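Report on the following structure.
Just so you know, these numbers use all the heavy atoms, side chains as well, and skip hydrogens, waters and symmetry mates. All values reported here derive from a predicted model rather than from experimental measurement.
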Protein chains: 2
Amino acid sequence: MVAHLSIGELSARSGVAPSALRYYEEVGLISAERTSGNQRRYLRPTLRRVALIRSAQRVGLTLDEIAEALDTLPRDHAPTKADWARLSRSWRPRIDAQIERLERLRDKLDGCIGCGCLSLKTCALNNPHDEVAGRGPGAVFLEPTGRRPR
Amino acid sequence: MVAHLSIGELSARSGVAPSALRYYEEVGLISAERTSGNQRRYLRPTLRRVALIRSAQRVGLTLDEIAEALDTLPRDHAPTKADWARLSRSWRPRIDAQIERLERLRDKLDGCIGCGCLSLKTCALNNPHDEVAGRGPGAVFLEPTGRRPR
DNA sequence: CCTTGACCTCAAGTCAACTTGAACTTGCAC
DNA sequence: GTGCAAGTTCAAGTTGACTTGAGGTCAAGG
């Protein structure tokens with residue numbers, strides 16, 4: 001059981017390319033010690049950190065946001081229960097919201113199959129207020145994109 | 001109730017910037033008729049099409065994939081029930097998978113709070129087989145990224 | 001007629017998140 | 001001690017999804 005991981009090892013275990021790991025370091029998401037010969041040696045907790053980063057990306061967080069969240073975790077010691085709880089709590093609403101959006105979309109698509117939505121008037125995917133032009137933007141049945149699909 | 005929408009109107013109703021709409025046209029996602037003065041005039045169903053495109057992006061589909069899916073819909077007439085059903089069926093697993101991933105992540109974070117995961121050995125975010133180096137990549141508790149966070 | 005705002009095209013720029021390549025160095029197995 | 005896979009830096013390139021800007025056109029009101 002090695003205490004330090006080379007970049008290749010961390011890459012293999014995390015499934016993240018070495019170039020990406022170097023990039024993560026560059027933007028301050030992870031850090032590494034160096035051997036006398038200037039090679040990176042990662043501490044074991046880095047593995048967990050990288051896994052967390054990947055997970056967070058899934059939720060739709062940018063690396064910047066992830067960095068911000070991770071900065072609330074202590075750099076010097078393993079995070080305490082409280083540290084984790086704080087982080088988890090801050091991401092939780094985001095995850096829930098994302099799930100909800102997806103469920104809504106799924107239901108909408110389902111509904112479309114059965115609803116005879118071919119008549120544009122009743123389709124859930126269609127804006128109910130579409131004829132009421134001028135009363136605010138219509139057809140925006142989705143929440144504002146929030147810069148995600150960028 | 002107008003039969004044709006100018007790009008500005010479509011933009012306002014769909015919440016998608018004109019430049020984006022032109023881009024969508026460039027990559028073949030939508031199309032428009034032209035006035036004698038060369039201005040775009042969109043047919044009403046385009047509104048629904050654009051909404052669908054945005055939804056699909058949420059699920060994590062690229063514009064290429066969306067174009068592919070939309071190509072299975074008829075260009076000439078409004079999609080039939082069967083057309084919709086086909087499209088919905090093809091996206092459904094994707095949506096479900098995404099939801100499942102998010103739920104797993106949420107549960108993992110929750111678990112981490114209560115599980116005393118500070119001992120690296122038991123944390124769900126940590127790879128259970130991490131000590132078994134060489135037996136395949138460890139710590140890949142997440143599904144292969146599938147090129148999404150790119 | 002003239003202005004004004006919405007529209008047009010086309011080329012170039014941007015941004016995140018990496019990847020690739022060149023040119024060079026380390027570390028370990030034989 | 002030598003070979004070579006695996007590591008290093010740094011600059012530049014890539015991809016997706018747009019946005020911005022320059023330079024010009026069109027349509028309606030005053």
Report task. Could you check A/Arg40 against A/Glu33 for salt bridge (charged side-chain N to carboxylate O under 4.0 Å, His left out), going step by step and ending with a plain yes or no? Result -> CA-CA 6 Å; A/Arg40 271 163 262 253; A/Glu33 297 172 353; over 6 Å; no
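Taking side-chain N and O atoms only, A/Tyr24 has no distance below 4.0 Å to OP1 or OP2 of C/dA17. At D/dG7, none of the side-chain N or O atoms of A/Arg40 fall inside 4.0 Å of OP1 or OP2 (strictly under the cut-off). Distances shown here put a side-chain N or O of A/Gln57 below 4.0 Å from the OP1 or OP2 atom of C/dC18. For the OP1/OP2 pair of D/dA17 and a distance below 4.0 Å, the side-chain nitrogens and oxygens of B/Arg54 include no atom meeting the criterion. For D/dG7, one of the phosphate oxygens OP1 or OP2 lies less than 4.0 angstrom from a side-chain nitrogen or oxygen of A/Ser6. Contact between the side-chain N/O atoms of A/Arg34 and the OP1/OP2 oxygens of C/dT25 is not found at any separation under 4.0 Å. Taking side-chain N and O atoms only, A/Arg22 has no distance below 4.0 Å to OP1 or OP2 of D/dA6.
Here the closest non-hydrogen pair linking B/Val50 and B/Ser14 is CG1-CB, 3.7 Å.
Atom CD in A/Glu33 sits about 18 Å away from atom C1' in D/dT8, given to the nearest Å. At whole-Å resolution of the value, CD in B/Glu65 and P in D/dG16 are 11 Å apart. At whole-Å resolution of the value, CG in B/Leu5 and P in C/dC7 are 11 Å apart. Across the protein-nucleic acid pair, B/Glu9 atom CD and C/dC7 atom C1' stand 12 Å apart, rounded to whole Å. One interatomic measurement links the two molecules: OH of B/Tyr23 to P of C/dG13, which rounds to 18 Å at whole-angstrom precision. One can place CD of A/Glu25 at 11 Å from C1' of D/dT8, the figure rounded to the nearest angstrom. Rounded to an integer number of Å, the gap from A/Leu29 CG to C/dA16 P is 13 Å. The CD1 atom of B/Ile53 sits 11 Å away from the P atom of D/dA17 (whole-angstrom rounding).
Side-chain atoms of A/Ser19 lie closest to C/dT19 of the nucleotides C/dT19, C/dG27, D/dT19. Out of C/dC7, D/dC18, C/dC18, the shortest distance to the side chain of B/Ile7 is found at C/dC7.
Of the two residues near DNA chain C, A/Ala20 and B/Asn38, the one whose nearest nucleotide lies more 5' is B/Asn38. Nearest-nucleotide positions on DNA chain C place B/Gln39 closer to the 5' end than the other of A/Gly37 and B/Gln39.
Ion pairing between A/Glu25 and A/Arg34 holds under the 4.0 Å rule for side-chain N and carboxylate O. Salt-bridge check for B/Glu100 with B/Arg104: passed, with a basic side-chain N closer than 4.0 Å to an acidic carboxylate O. Salt bridge status for A/Glu9 with A/Arg41: absent, with no side-chain N to carboxylate O gap under 4.0 Å.
At the heavy-atom level, B/Arg41 lies nowhere under 4.0 Å from the strands shown. Residue A/Thr35 is in sugar-phosphate contact alone, with no base atom involved, counting any heavy-atom pair closer than 4.0 Å across all strands shown.
From B/Ile66, atom CD1 reaches atom CZ of B/Arg49 across 11.0 Å, with rounding to the nearest 0.5 Å.
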